[in-house]
*Asks:* 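Take a look at this one; I'll ask things after.
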Amino acid sequence: RRLGDVATANAGFRDEYYALVGAVVEGRPEADGAPLLTTAHVDPARSWWGSRPVRIAGRRWVAPWGDLDRLGREASPRVQRWGTARRVPKVVVATQTRVLEAVADPAGDSVPLTPLVSLASGTVAVDLLLAAVVAPPATLWAHHHHGATGRSRGALRLAGRDLLRLPLPDRSGPWAELAGQLRSPPAGRAAWEAAGRLGCAAWGWEGEVADRAVEWWMERLPSAGG
């Protein structure tokens, strides 16, 4: 099975981006709203919203918050519907990364800014979707089919339709175990290596194949994983 058999993928375009940028404020006001996620917020299994400064439309933000009341007054009905539809349990996948980087939003609280991709499913829990995306075999599959598509050498740039072609793990035991581990970001290199081995086991990769895959993956993980 492939990811598209159990999930849908959505990403915003220029209209959604500029509408949300026009409604962003700092912090968490009392008005109806949602945290705005950018690619810079997303590491494997970890969101840095509220703790890592990012730049949106040339301005620096620490906790960018989308004022949905303001969005409702100023944006087109189509953009409003798009923003509302993103507030569901989902996995948010970054682009322009060396490995597939994604974070789960099980409560559906956040709204992702373009070019983040949202994966949602009515049949598979978000923690399982996250595990399927961040496992080393998923990144190797992505590089095999979409390598050198990013702006920098070795970076991946996958659209939603590309992610939906990702083969799903076929061993439910290690897949579920990895999903459980990723509910809290692994702390330290040893924990990430153990997670990588579980990801390989979920796809049926063992022995030297798993060893080489995990080693290759670990070399490319962002600092949060290393």
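Since the model is a prediction, treat every value here as computed from it, not as a measurement. Just the heavy atoms: all of them, side chains too, but no hydrogens, waters or symmetry mates, feed the values below.
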*Asks:* Can you list the residues that meet the salt bridge (charged side-chain N to carboxylate O under 4.0 Å, His left out) rule with Arg87, with sequence neighbours excluded?
*Replies:*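 Once residues adjacent in sequence are excluded, the partners of Arg87 under the salt bridge (charged side-chain N to carboxylate O under 4.0 Å, His left out) criterion are Asp32.
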
*Asks:* Among Leu156, Val134, Leu221, Leu140, which one satisfies side chain to side chain contact (heavy atoms under 4.5 Å, CB included) with Val99?
*Replies:*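 When side chain to side chain contact (heavy atoms under 4.5 Å, CB included) is applied between Val99 and each of Leu156, Val134, Leu221, Leu140, only Leu221 qualifies.
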
*Asks:* Look at the aromatic rings of Trp203 and Trp205 and report parallel, tilted or perpendicular, splitting at 30° and 60°.
*Replies:* perpendicular

*Asks:* Mind checking what makes side chain to side chain donor-acceptor pair (under 3.5 Å) contact with Asp211, not counting sequence neighbours?
*Replies:* Arg197

*Asks:* Rounded at 0.5 Å granularity, tell me how far CH2 in Trp61 sits from CH2 in Trp49.
*Replies:*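 Result: 12.0 Å between the selected atoms.
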
*Asks:* Tell me, do Ser51 and Val62 make a side-chain contact under 4.5 Å, heavy atoms counted?
*Replies:*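 With C-beta onward as the side chain, the pair stays apart.
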
*Asks:* From His41 NE2 over to Glu101 CD, what is the distance, rounded to the nearest 0.5 angstrom?
*Replies:* 13.5 Å

*Asks:* Determine yes or no for a side-chain-to-main-chain donor-acceptor pair under 3.5 angstrom, with Asp105 supplying the side chain and Ser110 the backbone.
*Replies:*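 Yes: the side chain of Asp105 pairs with the backbone of Ser110.
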
*Asks:* Using salt bridge (charged side-chain N to carboxylate O under 4.0 Å, His left out) as the criterion, list what pairs up with Arg220, not counting sequence neighbours.
*Replies:*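 Arg220 satisfies salt bridge (charged side-chain N to carboxylate O under 4.0 Å, His left out) with no other residue.
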
*Asks:* For Pro136, give me all partners under side chain to side chain contact (heavy atoms under 4.5 Å, CB included), at least two apart in sequence or on another chain.
*Replies:*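 Expected list: Cys200, Trp217.
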
*Asks:* For Ala191, what residues pass the side chain to side chain contact (heavy atoms under 4.5 Å, CB included) criterion, not counting sequence neighbours?
*Replies:*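 Side chain to side chain contact (heavy atoms under 4.5 Å, CB included) check on Ala191 returns Pro186.
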
*Asks:* Keeping to residues at least two apart or across chains, list the side chain to side chain donor-acceptor pair (under 3.5 Å) pairs with something in residues 111-123.
*Replies:* Ser121-Thr123

*Asks:* Tell me the closest heavy-atom pair linking Val91 and Val126, and the distance in Å.
*Replies:* CG2-O, 3.4 Å

*Asks:* Using distance only, find each side-chain donor-acceptor pair of residues 163-180 under 3.5 Å and give its atom names and separation, not counting sequence neighbours.
*Replies:*
from, atom 1, to, atom 2, distance (Å)
Arg171, NH1, Glu206, OE2, 3.0
Trp175, NE1, Leu128, O, 2.9

*Asks:* Between CG of Leu119 and CG of Leu130, what distance do you get to the nearest 0.5 Å?
*Replies:* 10.0 Å

*Asks:* Has Glu26 got a side-chain atom pairing as donor or acceptor with Ala63's backbone, closer than 3.5 angstrom?
*Replies:*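 Side chain of Glu26 to backbone of Ala63, a donor-acceptor pair under 3.5 Å: yes, one is there.
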
*Asks:* Using the test side chain to side chain contact (heavy atoms under 4.5 Å, CB included), find all partners of Ala159 that sit at least two apart in sequence or belong to another chain.
*Replies:*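 Arg161, Asp162.
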
*Asks:* Trp216: what forms a ring pair (Phe, Tyr, Trp, His ring centres under 6.0 Å) with it, not counting sequence neighbours?
*Replies:*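 Residues passing ring pair (Phe, Tyr, Trp, His ring centres under 6.0 Å) with Trp216: His143.
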
*Asks:* So for atom CZ, which belongs to Arg212, do other residues, nucleotides or ligands contribute more than 12 heavy atoms lying within a distance under 6.0 Å?
*Replies:* no

*Asks:* Assigning hydrophobic clusters by single linkage (Ile, Leu, Val, Met, Phe, Trp, Tyr; side-chain heavy-atom cutoff under 4.5 Å), is Leu36 placed with Val88?
*Replies:*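 Per the 4.5 Å side-chain linkage, Leu36 and Val88 are not co-clustered.
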
*Asks:* Mind checking salt bridge (charged side-chain N to carboxylate O under 4.0 Å, His left out) for Glu16 and listing every partner two or more places apart, or none if nothing turns up?
*Replies:* Arg78

*Asks:* Mind checking what makes side chain to side chain contact (heavy atoms under 4.5 Å, CB included) contact with Ala19, not counting sequence neighbours?
*Replies:*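 With neighbours one apart ignored, the set is Leu71, Ala75, Val79.
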
*Asks:* Looking at Arg46, is its backbone amide N or carbonyl O close enough to the side chain of Asp43 to form a donor-acceptor pair, meaning the two atoms are under 3.5 Å apart?
*Replies:*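 The answer is no, because no donor-acceptor pair under 3.5 Å joins these two groups.
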
*Asks:* Suppose we screen for salt bridge (charged side-chain N to carboxylate O under 4.0 Å, His left out). Which residues come up paired with Asp127, at least two apart in sequence or across chains?
*Replies:* Arg183

*Asks:* Among Val133, Leu100, Thr97, find the residue that satisfies the side chain to side chain contact (heavy atoms under 4.5 Å, CB included) test when tested with Thr139.
*Replies:*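 It is Leu100; the other options fail the test.
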
